[in-house]
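Excluded from the calculations below are hydrogen atoms, water molecules and symmetry mates; all remaining heavy atoms, backbone and side chain alike, are included. Because the structure is predicted, anything quoted here is derived from the model rather than measured. Residue numbers count from 1 along this sequence.
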Amino acid sequence: MDQVKKPKVFFVLGGPGAGKGTQSAKMVEKYHFVHLSAGDLLREERSKKTQNAELIEEIIKSGQIVPSHITIQLLESAMQAQGLDKMFLIDGFPRNQENFDVWIKLMGDKVEFKKLFYFECDEETLKNRIKIRAQESGRSDDNDETLIKRLKTYNESTRPIIQYFDSLSQCIHIKADKTVDQVFQEISMKLDEIL
């Protein structure tokens, strides 16, 4: 009997401004991943007139984490729209243990999880990058007040889930405080070993 081919999933985590989106775009180009940004999907959803839009807007502005089932529904719909025979980079997810627990419950048997990319970067570099991005992006969460909240949430909620993946030897550490090309060179070396 033919085994149903499951989509391969790589999670991408790092602080705000660590380069997740920039590096994911380069991985898409070289390795033909499909890049899904949890944050972009949530920002897109909040621009629609859905029952979740107002809730998402308030949560994002407060720097908190959107309820897992909402984010996972958006990710699953986006994966289905792309076709399930692909390799996916899911950027900005899971943001905490509860995100991952709900992911396992709802998606665990539907996907083949491969690894977590962790983009390591010091807070001063993150803050400087966000200030630069804020001048270009127009994102409502690229401001000093929200950044402080996002960094607090990241340190309290996301770092522990990174440590969890690390303890399972499922975490690929990437030193993200270098130039875009230097960071991508490190990613490529590590991806070439596992693909």
Peer 1: How long is the gap from OG1 on Thr153 to CD on Gln64, to the nearest 0.5 Å?
Peer 2: 4.5 Å
Peer 1: Take Lys114 and Ile194, measure what side-chain contact (heavy atoms from CB on, under 4.5 Å) needs, and give me the verdict at the end.
Peer 2: CA-CA 9 Å; Lys114 301 301 279 181; Ile194 61 173; 6.0 Å; no
Peer 1: Give the intermediate values and the outcome of side-chain contact (heavy atoms from CB on, under 4.5 Å) for residues Lys178 and Lys175.
Peer 2: CA-CA 7 Å; Lys178 299 179 275 187; Lys175 298 210 180 317; 3.8 Å; yes
Peer 1: A side-chain contact here means heavy atoms from C-beta on lying under 4.5 Å apart; do Pro7 and Met87 qualify?
Peer 2: no
Peer 1: Please determine whether side-chain contact (heavy atoms from CB on, under 4.5 Å) holds for the pair Met79 and Val34, giving the CA-CA distance in whole Å, both sets of side-chain angles, and the decisive distance to 0.1 Å.
Peer 2: CA-CA 9 Å; Met79 289 172 72; Val34 173; over 6 Å; no
Peer 1: Taking Asn99 for its side chain and Arg95 for its backbone only, find out whether a donor-acceptor pair lies under 3.5 Å.
Peer 2: yes
Peer 1: Hey, what do you get for CD (Gln23) to CZ (Phe119), rounding to the nearest 0.5 Å?
Peer 2: 5.5 Å
Peer 1: Does one side chain, of Asp101 or Gln97, offer a donor that lies under 3.5 Å from an acceptor on the other?
Peer 2: yes
Peer 1: Taking the side chain as every heavy atom from C-beta outward, state whether Tyr118 and Ile172 have any pair of such atoms under 4.5 Å apart.
Peer 2: no
Peer 1: With a 4.5 Å cut-off on side-chain heavy-atom distances among I, L, V, M, F, W and Y, is there a chain of contacts connecting Phe11 to Leu89?
Peer 2: no
Peer 1: Starting at NZ of Lys6, measure out to CD of Glu112 and round the result to the nearest 0.5 Å.
Peer 2: 8.0 Å
Peer 1: With a cut-off of 6.0 Å (strictly less than), are more than 12 heavy atoms of other residues, nucleotides or ligands near NZ of Lys152?
Peer 2: no
Peer 1: State plainly whether one hydrophobic cluster holds both Val12 and Val180, where clusters connect Ile, Leu, Val, Met, Phe, Trp and Tyr through side-chain heavy atoms under 4.5 angstrom apart.
Peer 2: no
Peer 1: Are Ile148 and Ile132 in one and the same hydrophobic cluster, where Ile, Leu, Val, Met, Phe, Trp and Tyr link if side-chain heavy atoms are under 4.5 Å apart?
Peer 2: no
Peer 1: For the residue pair Glu45 and Ile70, establish whether any side-chain heavy-atom pair is separated by less than 4.5 Å.
Peer 2: no
Peer 1: At what distance, to the nearest 0.5 angstrom, does SG of Cys171 lie from CD of Glu120?
Peer 2: 7.5 Å
Peer 1: Supply the atom-to-atom distance Ile187 CD1 to Met27 CE, rounded to the nearest 0.5 angstrom.
Peer 2: 4.5 Å
Peer 1: With a 4.5 Å cut-off on side-chain heavy atoms, are Leu13 and Thr158 touching?
Peer 2: yes
Peer 1: Could you check if a side-chain atom of Arg43 sits within less than 4.5 angstrom of a side-chain atom of Ile56, using non-hydrogen atoms only?
Peer 2: no
Peer 1: Can you name the closest pair of heavy atoms from Ile161 and Pro94 and give their distance?
Peer 2: CG2-O, 3.6 Å
Peer 1: Quick one: CG on Leu195 to NE2 on His32, what's the gap to the nearest 0.5 Å?
Peer 2: 11.0 Å
Peer 1: Does the ring centre of Phe93 sit less than 6.0 Å away from the ring centre of Trp103?
Peer 2: yes
Peer 1: Between Gln80 and Ser77, does any side-chain donor sit less than 3.5 Å from a side-chain acceptor?
Peer 2: no
Peer 1: Do Met189 and Phe184 land in one hydrophobic cluster if side-chain heavy atoms of ILVMFWY residues count as linked below 4.5 Å?
Peer 2: no
Peer 1: Which atom names give the shortest non-hydrogen contact between Ala176 and Val183, and what distance separates them?
Peer 2: CA-CG2, 3.8 Å
Peer 1: Could you tell me whether Lys26 and Asp181 make a salt bridge, using a distance below 4.0 angstrom between a side-chain N and a carboxylate O?
Peer 2: yes
Peer 1: Please walk me through it: do Glu123 and Asn155 pass side-chain contact (heavy atoms from CB on, under 4.5 Å)?
Peer 2: CA-CA 10 Å; Glu123 279 197 21; Asn155 285 320; 2.6 Å; yes
Peer 1: I'd like to know if the side chain of Tyr154 pairs up with that of Asn96 as donor and acceptor (distance under 3.5 Å, no hydrogens or angles considered).
Peer 2: no
Peer 1: Decide if atom NZ of Lys149 counts as having more than 12 heavy atoms of other residues, nucleotides or ligands within a radius under 6.0 Å.
Peer 2: yes
Peer 1: Give a yes or no on whether the backbone of Gly14 and the side-chain of Lys20 come within a donor-acceptor separation of less than 3.5 Å.
Peer 2: yes
Peer 1: Would you say Glu98 has more than 12 foreign heavy atoms packed within less than 6.0 Å of its CD?
Peer 2: yes
Peer 1: Where the side chain of Arg46 meets the backbone of Glu54, is there a donor-acceptor pair that is under 3.5 Å apart?
Peer 2: no
Peer 1: Could you go through the side chain to side chain donor-acceptor pair (under 3.5 Å) check for Ser47 and Glu44 one step at a time?
Peer 2: CA-CA 5 Å; Ser47 71; Glu44 181 182 318; over 6 Å; no
Peer 1: Is it the case that over 12 heavy atoms from other parts of the model lie below 6.0 angstrom from the CD atom of Gln170?
Peer 2: yes
Peer 1: Can you name the residues that form a ring-ring contact (aromatic ring centres under 6.0 Å, His included) with Phe10, not counting sequence neighbours?
Peer 2: Phe33, Phe117
Peer 1: Can you tell me if Lys115 uses its side chain to pair, donor with acceptor, with the backbone of Ser169 under 3.5 Å?
Peer 2: yes
Peer 1: Quick check: does any side chain N or O of Lys86 sit under 3.5 Å from a backbone N or O of Gln82, one acting as donor and the other as acceptor?
Peer 2: yes
Peer 1: Is it true that Thr125 and Asn128 share a donor-acceptor pair across their side chains at a distance under 3.5 Å?
Peer 2: no
Peer 1: Between Ile59 and Ile65, is there a side-chain heavy-atom distance shorter than 4.5 Å?
Peer 2: no
Peer 1: Between Ser167 and Tyr164, is there a donor-acceptor pair closer than 3.5 Å when you use the side chain of the first and the backbone of the second?
Peer 2: yes
Peer 1: Is the shortest side-chain heavy-atom distance between Leu151 and Leu126 below 4.5 Å?
Peer 2: yes
Peer 1: Is there side-chain contact between Phe113 and Met107, with at least one heavy-atom pair below 4.5 Å?
Peer 2: no
Peer 1: Under 4.5 Å between side-chain heavy atoms, hopping through other hydrophobics if needed: is there a path connecting Val9 to Val28?
Peer 2: no
Peer 1: Do Asp40 and His35 have side-chain N/O donor and acceptor atoms under 3.5 Å apart?
Peer 2: no
